[in-house]
Trainee: 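This is the structure I have questions about; it appears just below.
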Amino acid sequence: MIPAPVEYTRAGSAEEAISLLTEHGDEAKLLAGGHSLLPMMKLRLATPAQLIDVGRLDELRYINADNGEVAIGALTRHTELEHSDVLADACPLLKHVASLVGDPSVRHRGTLGGTLAHADPASDLPAAVLALGGTLVAQGPNGRREIAATDFFASYFESVLAADELLVEVRVPSGGGGWNYQKFNRRAQDWAIVGVAVADGGKGIALVNMGATPLRATAVEAALAGGASAAEAAAVAAEGTSPVEDGNADATYRKHLARVLTERALNAAG
Amino acid sequence: MKLTLTVNGTTHTSEVEPRTLLVHHLRDNLGLTGTNIGCDTSSCGACTVHFEGQSVKSCTMLAVQADGGEITTIEGLADQAQQAGISTGDQDWHPMQEAFHQCHGLQCGYCTPGMVMAATSLLEENPDADEGGVREGLEGNLCRCTGYHNIVKAVLQAKGGA
Ligand SMILES: Cc1cc2nc3c(=O)[nH]c(=O)nc-3n(C[C@H](O)[C@H](O)[C@H](O)COP(=O)(O)OP(=O)(O)OC[C@H]3O[C@@H](n4cnc5c(N)ncnc54)[C@H](O)[C@@H]3O)c2cc1C
Ligand code: FES
Ligand code: FES
């Protein structure tokens, strides 16, 4: 399987990537790690005329903890999150979730910005960023803007990024209470059939693969805030969700998994 | 477009279409057919090579993404080990190749180049990997023959010997 013919330019800076995006409009696609885009291009599910490679923009590859916050460059690879000493202290949830994405070779290429921009509701790291109440920073021709993770995901494989915007940074609060991530799948290296991320002792909870976007489990969060036990709160985990049906699971089973995994995650997070 | 790649220590300059996958460039343009294509969908790891020292699936990378970079394929691993002074056995192989040979870590051999490249990258990243760590570290590489036991044994032996 070979992608359709395409032009390729390697951007030397974020600014250059944005001006190339402006120049080529809808015909262009950013290429970061390529581990979502290239498989789609090989299947001809994506046929951009122009690729703008941002994968070597080292200026957007960093993990800095400062002032109660961790700032991560959008081109930081999953493997760098997985092995980060900064995250071990400041945000162990993100480090742990990164270590569960795909397999090591996938993690050597895939980037945090790529997995967020790809907006696959079955992906792991977007749910972690959502549970953490993170903020995403997008840069366009008119400068930078901040987008709350709760506002970022629009639908299946769709974010609120404009066609001429580049995701440059992701910020999550550091510290916080107990955390856990439950990823349920049947094959190693696979996406979650359902996943649950718990951040800050249950103040932030997000569900993987339970609808068109990663979802905050707001009913569970509210129940916990009202004094419910983990079991009581987990019982409402599927409220307001509309999960897909596929060869792995129907909607009823996914809802069951959401409740069971939420209870496990809450108990483990403490 | 023009592409310059250093593969197994030799620099090659070629003219390629941007859509050319790295694995096709290695096999069809450079004649390095040790790297196999299994699934062609990023799942099996048969196409694993090292890019800048880390395992990557060469069916899921454009050759031009590697432009200016360094690639090691299975053909170059023994040379690399000899230069590093860690080669071993009658054939002067990389310790991982020797361990696969000694532990019978292959049957048909189709997965083996990718398996060896993934395993060397795994130990580079996690030198203390125990059996569980080796099994998880190889989760992106499928073998239809061995049942994995002898592969895991080989990687643990290579770790001990390296
Ligand atoms: C075999 C395999 C197994 C996998 N398993 C998992 C798994 O278990 N869990 C999981 O969560 N993921 C999994 N993935 C997906 C992996 O995490 C991808 O790396 C990730 O989804 C996309 O990141 P990327 O850098 O490769 O993005 P790319 O493929 O380069 O880009 C993806 C999309 O985002 C856009 N984009 C990229 N970067 C930016 C940016 N900075 N700003 C704006 N837009 C941008 C691109 O234009 C494209 O539309 C797997 C992938 C493979 C191939
Ligand atoms: S051929 Fe590349 S992963 Fe299977
Ligand atoms: S030895 Fe045959 S696939 Fe592994």
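We name chains A, B, ... by the order of the sequence lines, and we start the count at 1 in each one.
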Trainee: Is it the case that more than 12 heavy atoms not belonging to B:Glu124 sit under 6.0 Å from its CD atom?
Mentor: no
Trainee: With respect to chain A, which residue among B:Ser55, B:Pro18, B:Gly137, B:Ser42 yields the maximal number of heavy-atom pairs within a distance under 4.5 Å?
Mentor: B:Ser55
Trainee: Report yes if some heavy atom in the side chain of A:Thr79 is under 4.5 Å from a heavy atom in the side chain of B:Glu125; otherwise report no.
Mentor: yes
Trainee: Under 4.5 Å, counting heavy-atom pairs only, tell me which of B:Ala118, B:Ser43, B:Gly45 racks up the most with chain A.
Mentor: B:Ser43
Trainee: In residues 46-53 of chain A, which residues are in contact with chain B at a heavy-atom separation under 4.5 Å?
Mentor: A:Leu51, A:Asp53
Trainee: Could you state the interatomic distance from CD (B:Glu52) to NE2 (A:His108), rounded to the nearest 0.5 Å?
Mentor: 12.5 Å
Trainee: Just verifying a value: how many Å separate B:Asn126 CG and A:Glu82 CD, rounded to the nearest 0.5 Å?
Mentor: 9.0 Å
Trainee: Determine the option with the most heavy-atom pairs under 4.5 angstrom with chain A, choosing from B:Asn141, B:Leu122, B:Thr48, B:Asp67.
Mentor: B:Asp67
Trainee: Tell me, for A:Arg187 versus chain B, whether the close heavy atoms (under 4.5 Å) come from the side chain, the backbone, both or neither.
Mentor: neither
Trainee: Would you please test A:Leu38 and B:Gln65 for side-chain contact (heavy atoms from CB on, under 4.5 Å) and show each step?
Mentor: CA-CA 11 Å; A:Leu38 290 175; B:Gln65 280 180 288; 3.4 Å; yes
Trainee: Do the side chain of A:Arg109 and the main chain of B:Thr60 share a donor and acceptor less than 3.5 angstrom apart?
Mentor: no
Trainee: Please check this pair: side chain of B:Arg19 against backbone of A:Glu7, looking for a donor-acceptor N/O pair closer than 3.5 Å.
Mentor: no
Trainee: Using modelled atom types and a 3.5 Å cut-off, is there a donor and acceptor pairing between side-chain atoms of B:Glu139 and backbone atoms of A:Ala188?
Mentor: no
Trainee: Between A:Leu37 and chain B, which part of the residue has a heavy atom less than 4.5 Å away: side chain, backbone, both or neither?
Mentor: neither
Trainee: Output the distance between atom CE (B:Met61) and atom OG (A:Ser105), rounded to the nearest 0.5 Å.
Mentor: 11.5 Å
Trainee: Decide yes or no for B:Leu62 and A:Leu31: does some side-chain heavy atom of the first lie under 4.5 Å from some side-chain heavy atom of the second?
Mentor: yes
Trainee: To the nearest 0.5 Å, what is the distance between OH on A:Tyr8 and OG1 on B:Thr20?
Mentor: 12.5 Å
Trainee: Are the side chains of A:Met1 and B:Leu21 in touch, meaning some heavy atoms are under 4.5 Å apart?
Mentor: no
Trainee: Would you mind checking which part of B:Ser121 comes under 4.5 Å of any heavy atom in chain A, side chain (CB onward), backbone (N, CA, C, O), both or neither?
Mentor: side chain
Trainee: Return each pair, listed once, that meets ring-ring contact (aromatic ring centres under 6.0 Å, His included) where at least one residue sits in residues 8-48 of chain B; pairs must be two or more places apart or across chains.
Mentor: none
Trainee: For residues A:Asp103 and B:Glu136, determine if any side-chain heavy atom of one lies less than 4.5 Å from a side-chain heavy atom of the other.
Mentor: no
Trainee: Would you say A:Lys42's side chain and B:Asp40's backbone share a donor-acceptor pair under 3.5 angstrom?
Mentor: yes
